[in-house]
Amino acid sequence: MTTSATRSPVPRDHPAAQAAGGAGGGQHRTPLVTRLFGRQPIGMLLAAPYAVFIAVIFAYPIGFAVYMSFTDYYFTAPGVTVPHPFVGFDNYKTVLTDPAVLASFGHVGIFLILNVPLTVALSLGLAVALNRAIHFRTFFRAAYYVPYVTASVAVVAVWLFLFSSTGLVNQILGPLAPDPSWLVNSVWAMPMIALFVTWKQLGFFILLYLAALQNVPKELYESASVDGAGAWRSFRSVTVPGVRQATALVLLLAIVTGANLFTEPYLLTGGGGPDGASTTPVLLMYQQGIQQGKPSTASAIGVVLVILVLIVALVNRRLTERSER
Amino acid sequence: MTAPRIQAQPGDEQDDDRSVPVVVATVTQGSRWRRWLVMGALFTGAVVFLFPFYYMIVASLQRSPNTSVGGAFPSLGNLTLDNYAQINASLNLWQSLLNSGIFTGGVLLGTLVFGVLGGYALAMLHFRGRGVLFSAMLLVLVVPFQLSMIPLYVLIARDYGLGDTYLGMILPFAINSTAVFIFRQYFLQLPSELFDAARIDGAGELRTLWSIALPLVRPALLTAVLLTFIGPWNEFLWPFLITKQQAKQPLAVSLANYISTVQASTVNPYGAILAGAVVLAVPAVALFLLFQRHFVSTDLGSGVKG
């Protein structure tokens, strides 16, 4: 953002600035136009479609969601107007006392507890390895990234096959296989979702760490080795602090992913099963809001979810900023 | 200062150059051992990442499902394309692919036209409301889409009656904000002298954008196209909400419905499901492999550096 301020391409009274201004709103040479619309008002025209898009698809629906969560909103036939009485915090009371909703937030917690450490450890480890490798770099990078670019629905299909009760994984494990099998086992269902997401997104985070590693000054490694630090020691005191910003981003994105989980519980564990052991807030929003026609409670779940995400993200940011000092 | 960075597009080669001296400089007995460890870890990782895809293809070609360890190797007697015929008969594969294509194409078109305009304006032009728009873009990147899912459903499917239409599918994704962000970052890196020169020569903003800025940010365009492509192509939740008729569903949705409902009624359900999964996976993976050299980590890095 700071770079944009320093990069003022054309001085105020430059002829080109006026030409650009003229294209936007007639041949005005008065500085009034500049004061009202900025130096290059044509920018408003160019950015208008995107601004309208954000207003219509993002801002208005979010306002609408908050409004719905405070009213008794229900679906009607198009064109029919019915009153949506204001009910205060009733929907929030319903949502926050619903054990199914509380359980779904707990499941996101389980997801984060498994996903974050696994992602950080595996992607940082593989990124460091990839950074040292000379041969096959391109191959490895591509191989790690393939799950990330593939549709969840497609890879969920293979996981269903691999982890079914008679699937390949259980065939290899033999008597060690859990019963009931992984995806229909209430203990394993949520950890399997965490594992699936970790596997699918790891490639993205490997590339993220790989990019961050390029920014760690080489001199730090040299001075560490001069000081007699071994590989592990220099990894801990040079690499790990050097990629802290990337780690903070992993945390933030993991929280956003956890808050967004839908496809996995819907398909991989057959609708948050078994017996609701792997439900997520978004799955409940779908079930309550669209299947059961209660958009008000669904919106309340959504608002609570976003508030929680923002709180956790802020705490996360505070923590990483403090440890940077 | 920024010009050379654009000329030498950062990619594999540069990364290699950076790492080689470090490794060569420290070839001792211990580090050779360590290099084997590194390669071992990398290969194990690659197997874990790629095996499910290999298995997806093998199992989609099996006549009868074989989940034993031996089934992971293709056997000539058990090979068939029947599963593909089966899934095609159940889903109308071509129609589903066409729907995915129209959905993805619409999003790509919207992002490339309006996203580039927006990114250019945000980077290069001074106009009222630029700061607000930039903050709004960042907010879109952070706030989960799911919050607006219910109201968007009410608006688009109920109020506007756009359920089961391509327009209804495309609208919430019409301009990819990540792509706008990438465009803006790349436009910012361009040397401003070029633009001053163009303006002095009397070129309008659109002409400057078309003949000067766009050719210089071609790598960003490719990255953004790839990124924007995999979004709608792989998207499940929104088209799943908005389409009820199978004739309008993209492949990800019709395959998911097939997985959760009809799988019991076929002879080899997993064979057919995996055949559908292969068809769904191939376009995105193929595009990525074709252009992966351009899909460079620097784009992600610019996000890390902040």
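Hydrogens, waters and symmetry mates are skipped; everything else that's a heavy atom, side chains included, is used.
Just one residue in the list T150(A), V155(A), V153(A) forms a side-chain contact (heavy atoms from CB on, under 4.5 Å) with L280(B), and that residue is V153(A).
Looking at V279(B), neither its backbone nor its side chain comes within 4.5 Å of chain A, counting heavy atoms on both sides. Proximity to chain A (any heavy atom under 4.5 Å) is restricted, for L50(B), to the side chain, taken from C-beta onward. With a threshold of 4.5 angstrom between heavy atoms, L126(A) approaches chain B through its backbone and through its side chain. In this structure, chain A has a heavy atom under 4.5 Å from the side chain of L206(B), while its backbone stays farther away. Neither the backbone nor the side chain of Y160(B) comes within contact range of chain A; no heavy atoms are under 4.5 Å apart. Neither the backbone nor the side chain of S60(B) has a heavy atom closer than 4.5 Å to any heavy atom of chain A. Only the side chain of M149(B) comes within contact range of chain A, with heavy atoms under 4.5 Å apart. For L289(B), the part lying under 4.5 angstrom from a heavy atom of chain A is the side chain only. Contact annotation for L287(B): neither backbone nor side-chain heavy atoms come within less than 4.5 Å of a heavy atom of chain A.
Taking 4.5 Å as the limit, some side-chain heavy atom of F140(A) sits within range of a side-chain heavy atom of M39(B). Residues F51(B) and L168(A) meet the side-chain proximity criterion, which asks for heavy atoms closer than 4.5 Å. Two residues are said to be in side-chain contact when any heavy atoms from C-beta on lie closer than 4.5 Å; F161(A) and P52(B) fail this criterion.
Residue L237(B) holds its CG atom at 10.5 Å from OH of Y266(A), rounded to the nearest 0.5 Å. Taking CZ from R128(B) and CE from M44(A), the interatomic distance works out to 7.5 Å, rounded to the nearest 0.5 Å. Interatomic distance, CZ of F53(A) versus CZ of F173(B), reported as 9.0 Å (0.5 Å rounding).
Taking the six-membered ring for Trp and the full ring otherwise, F288(B) and Y145(A) have centroids separated by under 6.0 Å.
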* Evaluate side chain to side chain contact (heavy atoms under 4.5 Å, CB included) for S177(B) paired with F58(A), printing each intermediate quantity in order. => CA-CA 11 Å; S177(B) 287; F58(A) 181 73; over 6 Å; no

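A parallel orientation is assigned to the rings of F262(A) and F236(B), their planes being inclined by less than 30° (bins at 30° and 60°).
Annotation: F114(B), atom CZ; neighbour count of heavy atoms from other residues, nucleotides and ligands within 6.0 Å does not exceed 12.
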